[in-house]
Each structure stands twice: as structure tokens, then as C-alpha cells.
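What you are looking at is a predicted structure, and each value in this text was computed from that prediction instead of being measured. Every number for a ligand or one of its atoms is a count from 1 in the order of the listing.
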Amino acid sequence: MAEWDYEILWKETMNQIKGELSEQEFTMWFNLEYIHAAEHEITIAVPSSFYKDQVKQRYQVFIENKLRELMGKEVSLAFEVKPKKQNGDHPDAGIPEKTDHLPEKRSAADNKPKAAKKTAHSQLRKDYIFDSYVIGDNNSFASNAAFAIARNPGTAYNPFLIYGGVGLGKTHLMQAIGNFIYDNSDAKVIYITAENFTNEFIQAIRDNKTSAFKNKYRYVDVLLIDDIHFLQKKLETQEELFHTFNALYDANKQMVFTCDRPVSELKNLSDRLRSRFERGLNVDLQPPNYETRFAILKKKIETRGVNIPDEVIALVSKNVSTNIRDLEAALIKLIAYAELVGKPITVETAQQQLKDVFASPRQTNMSLEIIQKVVAEYFSLSVNDLKSKKKTQNIVFPRQLSMYITREITEYSTTEVGQAFGGRDHTTVMHACQKIEDKIRSDPTLDSTIQSLIRMIKEYNAKS
Ligand code: ADP
Ligand code: MG
């Protein structure tokens with residue numbers, strides 16, 4: 001490939017990004033060094049493979065969009081791991097980084113006892129395996145069932161449906177089943193999110209390729225569809241999935257689905273598809289307790305091969321209780337920091353580095369209470385009014401508004417929000433959000449009211 005010189009454009013891109021992110025975020029994640037370029041690809045150096053994964057997940061699309069804006073054409077990023085920067089900007093971290101010094105292309109099966117017989121499955125994350133899934137109070141039933149299914153797909157529990165809130169391990173468990181079957185047999189495994197399934201189906205209709213689509217999904221051995229709550233209202237896709245389901249079910253092919261709530265709570269889902277989802281085994285994942293959180297962190301740390309003292313693990317486990325994704329995010333921040341400054345992590349540095357995370361509204365019910373408090377005050381009501389059953393318009397509207405804001409600025413599920421508002425059903429919350437959305441469309445000033453309320457809430461939250 002011919003060499004292209006995009007270095008100046010790269011610098012400009014970085015400059016612009018710098019202006020858009022906080023200094024801390026930029027310093028932490030944009031330790032990216034331009035190496036060389038081809039017409040449609042820029043290769044940059046990153047200090048470790050861990051860092052590379054993080055940057056890819058968090059910023060690749062963002063950077064590529066920026067590049068496109070600036071250059072007026074598609075340019076993608078390629079990464080090269082260069083453990084030590086020549087200019088000495090970032091001293092050696094002093095923390096062993098297991099994968100760092102290994103060649104880029106490791107076999108997916110390296111960590112597994114089973115033979116390294118084939119390359120990794122292209123749709124499955126190779127680290128989402130049973131070995132890395134910690135069994136705790138919150139998931140023991142689900143993970144045992146998953147393991148049983150992985151060993152005997154298509155027999156006992158079909159379909160298998162895992163539901164639960166965000167970041168509780170649904171995707172990991174689902175992919176562990178996929179990886180296990182893929183590694184131990186010649187079964188054809190497909191993993192797809194419900195969103196992509198929908199998009200692919202729409203595209204197939206457009207391109208007149210529905211029979212290819214049908215063939216693809218009706219002749220697999222294992223079909224994993226993630227986040228089926230996305231199918232709500234997608235009636236045509238539901239119809240298609242219904243037929244796919246029947247074909248696979250009749251052929252004893254294993255299906256696994258995940259959903260962010262019990263299937264019974266899904267709206268705008270055809271009854272016949274709902275009854276199919278409910279047919280096999282439906283299990284839920286709960287948030288992990290302290291011991292499980294500790295064990296999960298310990299495991300992640302072990303796998304990363306970094307050195308983090310137990311007191312720090314305890315601190316994080318204690319302070320991050322929402323879900324495992326948040327727990328991991330906190331850990332990643334610590335590791336990245338340690339890599340960057342080259343110092344071991346102490347309780348003090350952890351506390352310092354994670355103070356935002358610990359204070360994050362998602363960590364406690366704080367932000368929900370704060371939202372209620374701020375909105376109630378704004379409308380001269382009491383928080384109890386918002387939670388009450390009163391149906392007068394002067395209360396209903398603020399109540400709906402606070403529900404809407406909660407959904408906008410927190411990760412609480414409609415079920416959780418409903419609970420916080422006097423034990424209401426999640427459908428009430430969905431209805432409230434819909435109402436507010438409709439109102440925003442007909443009354444543009446409402447949006448600015450909402451924005452100023454959100455600012456007030458954030459200020460209040462930062463102070464408390
Ligand atoms: P969900 O799909 O429910 O939103 P994910 O499966 O994406 O959640 O999990 C979020 C993160 O937490 C992932 O990185 C996953 O590996 C990790 N995780 C979740 N549960 C466990 C567990 N029991 N043991 C180890 N890691 C876990
Ligand atoms: Mg998921």
C-alpha cells in the first residue's frame with residue numbers, strides 16, 4: 001500500500017478532540033502516536049493491548065467520525081501495540097501486563113485447556129467464557145443452567161432466556177454458551193443483537209434478499225440473540241423471528257435470548273412470539289452482593305495480571321454496587337492510571353482516582369431522590385406528592401416530568417423508576433416518558449425547562 005502522510009491532519013484531529021473532552025479523559029486515553037498511513041487507514045501506536053482494547057471500544061468510532069469530518073473521506077484506524085514510548089513520556093508502568101509483550105495475534109484458545117483447533121468466532125468475544133464468569137449468589141442458577149445448555153445444546157432448555165438489568169452479565173453468559181459450543185463442536189453458532197438482526201432484516205427486504213436472510217438464520221445450530229427488548233414495536237422483524245424460531249425449535253436447535261426485563265413486561269410484542277420466548281427456561285440475573293463483587297474484581301485482576309492490593313479491591317467492591325459493568329469501569333480506570341503514572345495503586349490513589357465514580361449518581365439512589373427533590377421544589381410540591389397516587393394535573397405533570405428526566409440522565413430501568421415513584425408499574429413510567437416526549441414536540445419551550453432542571457439536578461448532586 002502506498003504511504004500517505006496524514007500526520008498534520010492527525011494532529012489537528014487530536015487538537016479538536018482535546019477541546020471536546022475533559023483534560024483528564026484526554027490525557028488518559030489519547031496517548032496515541034501517529035505511525036504511518038495508507039489512503040484509507042491511519043496506524044497509531046498504543047502503549048498496551050489493554051489500552052488498545054479500551055481505546056477501540058470507547059473512541060474508535062468517535063475518532064473515525066472526526067477524521068471523516070476533517071478529511072472528507074473514510075479513514076479507519078489501525079492499532080499497533082508499542083509497549084514503550086521512545087520519547088519516554090510514559091515510563092514503564094512497573095505493573096506486569098500479561099498480554100502486552102505477546103504478539104498481537106494470539107490464538108483465541110490460548111487460555112483454554114481445549115485444543116487450539118480453530119480461530120476465534122468472529123461474533124463472540126473470546127474473553128466471554130465460563131472460565132472468566134464468576135459464580136455468585138446472583139447468578140448461580142443462571143450460570144449452571146447456561147453450562148448445562150452449553151454441554152447439551154438443543155435438548156433440555158429451549159429456548160434459554162436470560163433477563164436482568166444492565167451490566168449484570170447477560171451478554172457474557174450468553175456468549176460463554178456460544179464460545180463453549182463453538183470450541184467443542186462443529187456446530188454453527190450465530191450471535192447477533194436484536195438491533196442488528198432488525199437492521200439486517202430491513203436491509204434484506206430493501207435488497208430483495210429475504211430468502212438469503214431466512215437461510216442464514218434458519219439453518220444454524222445455535223442462535224444467540226441479545227437484547228430482545230429492542231424488538232418491541234418492530235412487528236415485521238417479530239414476525240420473521242417467529243418463523244425463524246419455529247424452524248429452529250422444530251429442528252432442536254438451541255436458541256438463547258437476553259432481555260432487560262421479564263418477557264411478560266415487554267410491550268408491543270406479538271403474543272405468539274412472547275409465548276415462544278417463555279416456552280423454555282427463563283432465568284434472571286440479580287445485582288451481585290459484596291462478596292461476589294469482590295470475587296469478580298479479583299478474577300478480573302488475576303486475568304489482567306496486574307497487582308492491586310486487596311484493600312483496594314475491597315474499597316471498590318464496597319463503593320460500586322450497581323452492576324458489574326460499573327465495577328469493571330472503575331477497575332479499568334485504576335489500571336489505566338497505574339499504567340500511566342507507573343506507580344502501584346494504593347487505597348489513597350484509588351480513592352482519589354475514583355472519587356467521581358464513587359460519587360456518581362448511578363451508585364446510589366441519591367440521584368433519583370435528588371431528581372424528585374429538585375423537580376418537586378421547582379413546582380412547589382413535596383416529594384411525597386410525586387410519589388403519591390394523586391391524579392390532579394398540577395401533580396401528574398411534574399411526576400411524569402421527573403420520571404422522564406430520571407430515564408434521561410440515569411440508567412435506572414423503568415421498573416426501578418416505577419418503584420421509586422410510589423411503587424408504580426414500569427408501564428406507567430413508559431407512558432409518562434411518552435407523554436413528555438409528545439409534549440416536547442408540541443411545546444418546544446418544555447425542552448429548555450427540562451434542560452435547566454437537569455442542570456439544577458446536576459449541580460445539586462455535585463454539591464451533596
Ligand atoms: P449485560 O449484557 O447484562 O448488560 P454484560 O454481560 O455486558 O452485561 O456484563 C458487563 C461486564 O461485566 C462484562 O465485562 C462482563 O464480563 C462482566 N461480568 C458480568 N457478570 C460477570 C461475572 N459473573 N463474572 C465476571 N464478569 C462478569
Ligand atoms: Mg448485554
Any idea which protein heavy atom is nearest [atom], and the distance to it?
| atom | result |
| --- | --- |
| atom 20 (N) of ligand 1 | Ile324 CD1, 3.2 Å |
| atom 8 (O) of ligand 1 | Gly169 N, 3.0 Å |
| atom 2 (O) of ligand 1 | Thr171 OG1, 2.7 Å |
| atom 25 (C) of ligand 1 | Ser132 O, 3.2 Å |

Just verifying a value: how many Å separate [X] [atom1] and [Y] [atom2], rounded to the nearest 0.5 Å?
| X | Y | atom1 | atom2 | value |
| --- | --- | --- | --- | --- |
| Gln175 | Phe130 | CD | CZ | 11.5 Å |
| Thr258 | Leu224 | OG1 | CG | 9.5 Å |
| Ile301 | Ile313 | CD1 | CD1 | 3.5 Å |
| Lys126 | Ser132 | NZ | OG | 12.5 Å |

Open item on the list: Quick check with a 6.0 Å cut-off and a 45 degree axis cone: is Arg125 positioned over the face of Tyr128's six-membered ring?
Closed with: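 Yes, Arg125 and Tyr128 form such a contact.
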TODO: Flag this pair as yes if the NZ/CZ of Arg279 is under 6.0 angstrom from the six-membered ring centre of Tyr249 and inside a 45 degree cone about the axis; otherwise no.
DONE: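 Yes, Arg279 sits over the ring of Tyr249.
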Open item on the list: Less than 4.0 angstrom from a charged side-chain N to a carboxylate O is my criterion; do Lys234 and Glu195 meet it?
Closed with: no
Task: Electrostatic pair Glu291:Lys298 at N-O distance under 4.0 angstrom - done: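 Answer for the salt bridge query: no.
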TODO: Compute the shortest N/O to N/O distance between Val134 and ligand 1 and return yes if it is under 3.5 Å, no if not.
DONE: yes
Task: Derivation of the side-chain contact (heavy atoms from CB on, under 4.5 Å) call for Glu437 and Tyr404 - done: CA-CA 8 Å; Glu437 275 165 29; Tyr404 173 84; 3.8 Å; yes
Task: Heavy-atom proximity to atom 7 (O) of ligand 1, best of Arg325, His172, Met174 - done: Arg325
Task: Asp227 side chain to Thr193 side chain, donor-acceptor N/O pair below 3.5 angstrom - done: no
- [ ] May I ask you to check whether Thr292 and Asn289 show a side-chain donor-acceptor distance below 3.5 Å?
- [x] yes
Open item on the list: Looking at ligand 1, is there an atom of it that comes within less than 4.0 Å of some heavy atom belonging to Gly136?
Closed with: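 Contact absent.
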Open item on the list: So, 4.0 Å and heavy atoms of Lys300: is ligand 1 close enough to count as a contact?
Closed with: yes
Contact atoms of ligand 1, heavy-atom distance to [X] under 4.0 Å:
| X | answer |
| --- | --- |
| Gly165 | 3 (O) |
| Lys170 | 1 (P), 2 (O), 3 (O), 4 (O), 6 (O), 8 (O) |
| Leu168 | 1 (P), 3 (O), 8 (O), 20 (N) |
| Glu328 | 11 (C), 12 (O), 13 (C), 14 (O), 17 (C) |
| Tyr133 | 20 (N), 21 (C), 22 (C), 23 (N), 24 (N) |
| Asn139 | 23 (N) |
| Val166 | 4 (O) |

- [ ] For this output row, return yes or no: ring centroids of Phe230 and Phe197 closer than 6.0 angstrom.
- [x]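 No, too far apart.
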Open item on the list: Quick check: do Leu340 and Asn31 have side-chain heavy atoms less than 4.5 Å from each other?
Closed with: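 Heavy-atom side-chain distance check passes, below 4.5 Å.
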Task: Smallest separation among heavy atoms of Tyr163 and Lys170, with atom names - done: C-CD, 3.9 Å
Open item on the list: Short of 2.8 Å from the Mg ion (ligand 2), name each protein N/O/S atom, waters not counted.
Closed with: Thr171 OG1
Task: Part of Leu285 with heavy atoms under 4.0 Å of ligand 1, whether side chain, backbone, both or neither - done: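 None of Leu285 does.
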Task: ligand 1-proximal atoms of Ser143, by part, heavy-atom distance under 4.0 Å - done: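 For Ser143, there is no contact with ligand 1 at all, from either part.
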